[in-house]
Amino acid sequence: MKTSNGNTSVMDMFEKGKVLKICAPMVRYSKLAFRSLVRKYDCDICFTPMIVASDFMRSVKARDSEFTTNESDRPLIVQFAAPDAQTLADAACVVAPFSDGVDLNCGCPQRWAMSAGFGACLINKPELVKDMVRHVRNQVDNPNYTASIKIRIHNDLRRTVDLCQKAESAGVSWITVHGRTAEERHQPVHYDAIKTIKDSLSIPVIANGDIKYLRDVESTHQHTGVDGVMAARGLLANPAMFSGYENTPLECIWDWVDISIEQGTQFTCFHHHLIYMLERVSSQPERKVFNSLSSTSAVIDYLENTYGPVRDLGRGWSEPSAELVLCLSLSGYRQRPSLEMTLQWTVVALFLYVEMGVIVMLCLPFISARRWQSVFQLRIWNCVTRFWNKVFVTMIVILIVLFLDAVREVRKYSAKELGTDVKLQPNMFDHLHMKLFRAQRNLYISGFAVFLWLVMKRLVTLINQLASVSGSTAALQAQAENATQAAKKCKEDNELLKQTLMDGKGDKATADGMTLLREEVEKLREELRTSGDALKNSHSEADAMKKQMDGYAREYERLLKEHQELQNLEDSGNKKDD
């Protein structure tokens with residue numbers, strides 16, 4: 001809402017007929033990062049922490065540290081503590097181009113503020129308050145710029161009504177009433193007094209005090225008739241209170257982490273806000289552990305391990321569902337500790353270990369290649385082999401995509417400009433270092449998964465080829481043995497025939513014997529020639545297979561060497577980026 005340029009006024013918001021929900025000014029807490037968070041959860045107007053106007057005007061350093069804003073930080077009311085009218089008007093003129101109004105603190109009950117002449121002591125000086133409002137109105141050159149006051153009540157309510165009516169006559173835009181006296185701290189809020197003040201004025205009135213849940217906003221409006229409700233400690237404990245959450249939702253906690261890292265919030269402030277947010281839903285031992293954390297990365301790891309990443313529940317909720325709010329409230333959104341890696345990298349790591357196990361099994365020395373081939377020929381594998389090539393290509397593509405994504409993450413978290421940002425925002429260093437470590441780990445996982453997938457395919461192919469060669473060699477050896485046995489038998493028959501011829505009588509017997517002998521000799525020679533050719537072919541095929549196996553072995557060693565060189569090159573690249 002761009003209200004500082006004169007186009008629109010904050011006062012128009014009071015004309016919509018709804019109860020405005022406002023974030024109170026809180027010292028050290030209601031700064032830009034926290035205002036950005038509560039605006040995501042239906043907060044209509046935000047106040048800055050109380051700023052001492054005299055210090056703000058005196059020191060440039062004070063102005064830079066106490067007042068920070070951005071274009072989306074609207075509508076924004078700057079609250080000042082000032083002892084005189086001109087100091088307040090000067091401070092208002094400085095912040096007017098960057099805000100939508102100023103608020104005068106007339107309710108701070110702390111002794112140091114009252115002794116300095118501002119805070120709750122101003123409720124006893126109605127003429128001074130009237131003069132301060134009039135100075136702001138006259139000196140800020142923007143008719144839509146608001147001037148409001150935040151007060152506590154008197155024991156004598158008539159004095160409070162008189163103060164408010166005098167401020168109204170001076171042109172105050174609205175009045176925020178904290179329904180306690182300056183002496184009261186945790187006593188019940190006097191809602192009847194707020195109602196009396198509202199009934200006596202024609203300007204908007206905002207109620208403040210003990211607003212802890214969204215139902216308190218409606219009940220306060222019903223009881224007092226105010227135009228808006230301001231919350232302080234209730235929003236610290238649950239920044240999503242105005243959206244209807246009973247306790248701080250997990251999404252809000254991670255939104256705070258993202259906003260704090262983006263804006264470079266100091267760790268102390270970042271940590272304290274989370275302590276408030278988790279107070280209602282964590283046990284005392286858990287709070288003790290969480291309160292002892294000393295770095296942003298430690299806090300993020302604790303949140304992930306204890307409550308889980310918000311991505312499990314889904315980012316970008318517009319409104320909370322009743323079932324989800326009830327579930328988170330009853331269980332304190334206690335989930336199982338999240339894995340150290342995201343789900344996809346857990347799957348990839350598991351796949352890598354499976355690959356390593358399969359390769360170890362394939363390389364076991366006491367299981368022969370022919371035994372593996374018989375396993376591969378089982379019916380179940382015959383069904384798988386039809387899709388093997390598609391599965392192989394698909395896995396290669398997936399693993400390469402994950403590898404490139406890991407390379408991108410490594411480059412992202414080791415970039416030089418990111419290192420410059422870390423120097424400007426020291427609390428980000430541990431978190432970014434952790435992100436870089438995880439990205440490098442994912443790079444190694446995906447790279448080795450791709451390599452082992454290729455090796456496993458080649459290893460299965462080599463085992464099948466070796467089994468085929470071994471089977472062919474065994475068959476040829478069996479054939480050669482059969483031929484040898486036949487030759488021995490022929491030789492024995494030849495000896496027997498020869499002996500018969502020697503023992504035979506007559507030329508006819510000799511001639512018949514010689515003819516039979518020659519036939520047997522020719523038959524034996526033919527069988528010996530066939531067996532020799534078969535044995536020679538067997539030896540040739542065996543030599544060819546041996547050469548092919550040597551070639552595959554050299555190819556495997558070359559691939560392994562190339563992978564090692566690529567890995568060394570990648571490591572050296574990472575070191576250069578660091």
Side-chain angles (χ1 to χ4, degrees), residues 14 18-27 29-30 43-45 47 49-50 77 79 81 103-111 113-114 118-130 132-133 148-170 172-238 241-242:
F14 290 99
K18 70 172 185 177
V19 182
L20 293 184
K21 298 182 283 290
I22 302 171
C23 177
M26 293 173 281
V27 177
Y29 292 116
S30 54
C43 182
D44 297 314
I45 301 174
F47 278 59
M50 183 190 74
I77 307 300
Q79 187 185 70
D103 183 81
L104 175 63
N105 187 317
C106 302
C108 180
Q110 298 186 39
R111 292 182 180 179
M114 298 179 67
F118 45 77
C121 71
L122 291 177
I123 64 175
N124 300 316
K125 303 174 182 179
E127 293 298 332
L128 176 58
V129 172
K130 179 179 178 180
M132 297 171 84
V133 172
S148 57
I149 61 174
K150 184 175 185 291
I151 66 170
R152 284 182 175 242
I153 61 175
H154 297 83
N155 289 321
D156 182 0
L157 191 58
R158 290 175 297 180
R159 296 178 60 192
T160 309
V161 172
D162 178 65
L163 168 66
C164 294
Q165 290 176 341
K166 287 182 177 179
E168 182 181 13
S169 66
V172 73
S173 301
W174 73 79
I175 297 176
T176 303
V177 182
H178 184 93
R180 295 187 178 96
T181 66
E183 293 77 24
E184 293 176 332
R185 293 296 183 268
H186 303 292
Q187 290 83 349
V189 176
H190 301 285
Y191 291 109
D192 292 338
I194 298 176
K195 183 179 187 307
T196 300
I197 294 171
K198 170 60 182 174
D199 293 340
S200 65
L201 301 175
S202 60
I203 59 174
V205 174
I206 296 171
N208 176 227
D210 282 355
I211 306 298
K212 298 180 179 179
Y213 301 97
L214 183 61
R215 58 179 177 269
D216 297 333
V217 175
E218 185 59 31
S219 63
T220 300
H221 171 65
Q222 293 292 336
H223 188 73
T224 62
V226 292
D227 305 276
V229 174
M230 177 182 286
R233 286 178 296 177
L235 279 180
L236 277 181
N238 180 12
M241 177 185 70
F242 287 147

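In this chain, residues are counted from 1 in sequence order.
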| message | Run the ring-ring contact (aromatic ring centres under 6.0 Å, His included) test against Tyr191 and tell me which residues pass, sequence neighbours left out. | response | none
| Can you name the closest pair of heavy atoms from Ala120 and Ala182 and give their distance? | CB-CB, 4.0 Å
| task | Output all residues satisfying salt bridge (charged side-chain N to carboxylate O under 4.0 Å, His left out) with Arg159, sequence neighbours left out; order by chain, then residue number. | result | none
| query | Taking only residues two or more places apart in sequence, or in another chain, which ones meet Gln110 in a side-chain hydrogen bond (donor to acceptor under 3.5 Å, both in side chains)? | reply | Trp112
| Between CE on residue Met230 and SG on residue Cys43, distance to nearest 0.5 Å | 9.5 Å
| message | If I compare all heavy atoms of Ala81 with all of Met50, which pair ends up nearest, and what's the gap? | response | CB-SD, 3.6 Å
| remark: Sorted by chain and residue number, the side chain to side chain contact (heavy atoms under 4.5 Å, CB included) partners of Ala231 (sequence neighbours excluded) come out as Ile211, Leu235, Met241, Phe242
| Residue list, side chain to side chain contact (heavy atoms under 4.5 Å, CB included) with Leu128, at least two apart or on another chain | Leu122, Lys125, Met132
| note | In short, Ser200 meets Gln165 closest at the heavy-atom pair O-NE2, 3.6 Å
| said: Just so I know, are the side chains of Leu214 and Lys21 near enough to count as touching, which here means a heavy-atom distance under 4.5 Å? | reply: yes
| field | Asp103 side, atom CG; Ile149 side, atom CD1 - distance, nearest 0.5 Å | value | 8.0 Å
| query | When rounded to the nearest 0.5 angstrom, what distance separates OG in Ser148 from CG in Leu104? | reply | 8.5 Å
| said: Less than 4.5 Å apart, side chain to side chain, heavy atoms only: is that true for Val189 and Thr220? | reply: no
| message | Does any part of the side chain of Trp174, heavy atoms only, come nearer than 4.5 Å to the side chain of Asp227, both counted from C-beta? | response | no
| Who pairs with Thr224 by side-chain hydrogen bond (donor to acceptor under 3.5 Å, both in side chains), at least two apart in sequence or on another chain? | none
| field | side-chain hydrogen bond (donor to acceptor under 3.5 Å, both in side chains) partners of Asn105, counting only residues at least two apart | value | Gln79
| field | For Thr160, all residues meeting side chain to side chain contact (heavy atoms under 4.5 Å, CB included), sequence neighbours excluded | value | Ile151, Ile153, His154, Leu157, Cys164, Ile197
| Quick one: NZ on Lys198 to CD1 on Ile206, what's the gap to the nearest 0.5 Å? | 10.0 Å
| Does Asp44 use its side chain to pair, donor to acceptor, with the backbone of Leu20 at less than 3.5 Å? | no
| said: So, using salt bridge (charged side-chain N to carboxylate O under 4.0 Å, His left out) as the criterion, who are the partners of Asp199 when residues are at least two apart? | reply: Lys195
| message | Please find the pair of heavy atoms, one from Ile123 and one from Cys106, that lie closest to each other, and give the distance. | response | CG2-O, 3.1 Å
| said: With salt bridge (charged side-chain N to carboxylate O under 4.0 Å, His left out) as the rule and sequence neighbours excluded, what pairs involving residues 180-192 come up? | reply: Arg180-Asp210
| remark: For Arg158, the salt bridge (charged side-chain N to carboxylate O under 4.0 Å, His left out) test, sequence neighbours excluded, returns Asp156
| task | Kindly write out the residues that satisfy side chain to side chain contact (heavy atoms under 4.5 Å, CB included) with Glu127, not counting sequence neighbours, or none if the list is empty. | result | Lys130, Lys166
| note | The reported gap from NZ in Lys150 to CZ in Phe47 (rounded to nearest 0.5 angstrom) is 8.5 Å
